[in-house]
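Accompanying notes for the structure given below.
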Protein chains: 2
Amino acid sequence: MKPRSHHSEEQHLTESLGATGLRLTPQRQQVYDVLVQKRDHPTAEEVFIRAKKAMPDISHATVYNCLDALVKSGLARQVTLDRGATRYCPNMHEHGHFHCDTCQTVFDVDLPAQAMPLPKGFAAEHFDIAIHGKCPDCAQKK
Amino acid sequence: MKPRSHHSEEQHLTESLGATGLRLTPQRQQVYDVLVQKRDHPTAEEVFIRAKKAMPDISHATVYNCLDALVKSGLARQVTLDRGATRYCPNMHEHGHFHCDTCQTVFDVDLPAQAMPLPKGFAAEHFDIAIHGKCPDCAQKK
DNA sequence: GGACCACTTTAGAATTATTCTAAATCTTGA
DNA sequence: TCAAGATTTAGAATAATTCTAAAGTGGTCC
């Protein structure tokens, strides 16, 4: 048995997409790269703008399609805070999002393995935890 | 000292809005009533449609304005689930939202007094917890 | 007992976010 | 090589929200 040292990113994408019946395409790769390169929770529009730099012909609809594909395949998460555009995050580790109401930054924060006690019968598949407040810097500046 | 048996809803609204520098208007009252009468987490558009029945001249922008006023005054919460319209909820008791991916219903669920351990320095003001999965009925029907 | 001022509402236009459509392109397996 | 299915594309269409300017409302200070 050939030892696989570690999955390359490409392998990882191919497998995750494949498991959902989807293919890895250059556009999906590109959109994923954008998410990973700057983990600032960009909106679809921002992803579009960044992706265009490397791939000028990519279209708006494709970015939405790619983001959906990544989300469905468990490669990215949607982050919805308030009204306004949905944001995307490639961090699949269990975490929540802290939104600083002052500087508007979104931070990933580790959260305790969700022992969230739900009423009997509810079957949870996914938790979205958004916390609003002030980040350390803004809290200090009072 | 005159005993105040309990706040009337109107008093409650007037006080909460007042504390934020806002007035209780017939429109705000109406929008609040819509939220309280059917607690199914309606979107702004749905609130608009329902409010129009009792107040045919109310406008779209006013509904948004009223909802914002209620949220700012701590009389209602925004509920954002995935992409798509924001929903509103007059339940100010600490709770999270369970969204059934099958029947699309949104349930209020009690959650443990948030002992959510945040990294040092973060000052949380508000938690939004959305859980996706299957509600008891849909989970059973398999 | 009206003038004033700040707050609100209104209709509709404008903007923003997302989805849809139909045609062109690419992939893959037979 | 072909056909079927998946994907991308530009642009139109729709949905969600915000903006704008004008008109309405209410309380208060002479």
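Proteins come first, then strands; the chains are lettered A, B, ... in the order of their sequence lines, and each starts at number 1. If you're wondering where the values come from, they're calculated on a predicted model, not measured in any experiment.
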Would you mind classifying the nucleic acid contact of Ala85(B) as base, sugar-phosphate or nothing, using non-hydrogen atoms under 4.0 angstrom? sugar-phosphate
For a quick check of understanding: with a heavy-atom distance under 4.0 Å over all strands, which category does Asn65(B) fall into, base, sugar-phosphate or nothing? base
Compare every heavy atom of Arg28(A) with every heavy atom of Asn65(A), then report the nearest pair and how far apart it is. OD1-NH2, 3.4 Å
Shortest non-hydrogen contact between Leu24(B) and Glu10(B), atoms and distance: CD2-CG, 3.7 Å
Cys135(A) side, atom SG; His99(A) side, atom NE2 - distance, nearest 0.5 Å: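 If I round to the nearest 0.5 Å, the distance is 10.0 Å.
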Could you give the distance from CZ (Arg83(A)) to CG (Asp68(B)), rounded to the nearest 0.5 Å? 4.0 Å
Kindly say if [X] contacts the phosphate of [N], meaning a side-chain N or O under 4.0 Å from OP1 or OP2.
X: Arg83(A); N: dT16(C); value: no
X: Thr86(B); N: dT17(D); value: yes
X: Ser59(B); N: dG12(C); value: no
X: Arg23(B); N: dA6(C); value: no
X: Tyr64(B); N: dT17(D); value: yes
X: Thr43(A); N: dA17(C); value: no
X: Arg28(B); N: dT9(C); value: yes
X: Thr62(B); N: dT10(C); value: yes

Just checking, is any N or O donor in the side chain of Ser73(A) or Ser16(A) under 3.5 Å from an acceptor N or O on the other one?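 Ser73(A) vs Ser16(A): no donor-acceptor pair found between side chains.
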Indicate whether the side chain of Asp108(B) and that of His41(B) have a donor and an acceptor atom separated by less than 3.5 Å. yes
Over how many whole Å does the gap from [X] atom [atom1] to [N] atom [atom2] extend?
X: Phe48(B); N: dA15(D); atom1: CZ; atom2: P; answer: 15 Å
X: Gln78(B); N: dA16(D); atom1: CD; atom2: P; answer: 15 Å
X: Gln30(A); N: dT9(D); atom1: CD; atom2: C1'; answer: 16 Å
X: Leu17(A); N: dA6(D); atom1: CG; atom2: P; answer: 14 Å
X: Leu67(B); N: dA16(D); atom1: CG; atom2: C1'; answer: 13 Å
X: Asp68(A); N: dA17(C); atom1: CG; atom2: P; answer: 16 Å
X: Leu24(A); N: dT7(D); atom1: CG; atom2: P; answer: 11 Å
X: Gln29(A); N: dT8(D); atom1: CD; atom2: C1'; answer: 16 Å

The side chain of Asp57(B) lies closest to which of these nucleotides: dC7(C), dT10(C), dT17(D)?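 Out of dC7(C), dT10(C), dT17(D), the nucleotide with an atom closest to Asp57(B)'s side chain is dT10(C).
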Of the listed nucleotides dA11(C), dT8(C), dT18(C), the one nearest the side chain of Ala61(B):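 Nearest nucleotide to the side chain: dA11(C).
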Of Leu22(B) and His60(B), whose nearest nucleotide on DNA chain C comes first from the 5' end?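 It is Leu22(B), whose closest nucleotide lies nearer the 5' terminus.
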